[in-house]
Amino acid sequence: MTAYDAVFDSLTGRFSCRAFLPSPVPKDTIDQILRAARHVPSWCNAQPWQVVVTTGAATDRFRDALYKSASGTPPTPDLPWPESYPGVYGQRRRACGFQLYDAVGITKGDRPATTAQMMENYRLFGAPHVAIVTSPRVLGAYGAMDTGGFVTAFCLAAQSLGIATIPQAAVAAQAPFVRDHFDIPDDRMVLCAISFGYADPDHPANTFRTDRAEVDDITDWRDT
């Protein structure tokens, strides 16, 4: 297998896992993921990312407190959410949602079931670990962009080691709570969480895969 094949397999094999087994990931394996992910490029080599990683009882304490917070607190993200998803972006978003709801047996228009599924974000989908990803406020959008590269690298490194992941913007909606819970300084933005562990292969939420745009759909070739 070539190096390209290995990277391609990790990219195409990775999916957003929405049901995890309770088995913990060995700390040495988590360390491997972090040691790989830190090598992504960043503007001026600033390396703005920082992560809080939970294991054991710390995950469960956070999960329970996060769910309680999200049940009664309106979203307050540090980084403003998109104003809208126009055109093809909204189409892709809806397609992903419909695939998930179909997989878990939620019928269109069943708002209580839809809400309950959405709230599973705040249970971390049962994952035994979560990484809270932050970036310095002073670096603004560019620090966030660099940190997005770290999130991707984390997920790919995990995939290569048989560990499933799901990056979650939903957790960042509870940024004030997350900051207080983990004593994260005010000068850092909570950008997302990555819940991770071993995928539950029998759970219906893990049975679908989203489509990807073709190369020509995302590329404007300029030859002259």
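Grouping Ile, Leu, Val, Met, Phe, Trp and Tyr by side-chain contacts under 4.5 Å, direct or through others, puts Met119 with Val52, Phe62, Leu66, Tyr67, Met118, Tyr122, Leu124, Val130, Ile132, Val171, Phe177, Val178, Phe182, Ile184, Val190. In the hydrophobic clustering, where aliphatic and aromatic side chains (Ile, Leu, Val, Met, Phe, Trp, Tyr) are joined below 4.5 Å either directly or transitively, Tyr142 groups with Trp43, Met145. Other cluster members for Tyr4: Phe8, joined by side-chain heavy-atom distances under 4.5 Å among Ile, Leu, Val, Met, Phe, Trp and Tyr.
Here the side chains of Pro128 and Ser23 are not in contact, with every heavy-atom distance at 4.5 Å or above. In this structure the side chain of Cys192 never reaches within 4.5 angstrom of the side chain of Gln168, judged on heavy atoms.
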Which pairs would a plain distance check flag for residues 79-87, meaning a side-chain donor or acceptor within less than 3.5 Å of a matching protein atom at least two apart in sequence or in another chain?
none

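The ring-ring contact (aromatic ring centres under 6.0 Å, His included) pairs that include a residue from residues 88-112 number zero, where partners must be two or more places apart or lie in different chains.
Between Val40 and Gly149, the shortest heavy-atom distance links the atoms CG1-O, 3.5 Å. The nearest pair of heavy atoms linking Ser69 to Gln174 is OG-OE1, 2.7 Å.
No more than 12 heavy-atom neighbours from other residues, nucleotides or ligands sit within 6.0 angstrom of CZ on Arg111. Counting non-hydrogen atoms of neighbouring residues, nucleotides and ligands closer than 6.0 angstrom, the CZ atom of Arg93 reaches no more than 12 such neighbours.
Under the 6.0 Å cut-off for aromatic ring centres, Phe154 and Phe196 qualify, their centroids lying closer than that.
Remark: side-chain polar atoms of Arg14 are not paired, donor with acceptor, to backbone N or O of Leu156 under 3.5 angstrom.
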Show the numbers, then the answer: is there a salt bridge (charged side-chain N to carboxylate O under 4.0 Å, His left out) between Lys27 and Asp31?
CA-CA 6 Å; Lys27 194 168 184 179; Asp31 186 65; over 6 Å; no
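Residues satisfying the side-chain contact (heavy atoms from CB on, under 4.5 Å) test with Ala205, not counting sequence neighbours, are Arg18, Leu100, Val104, His203.
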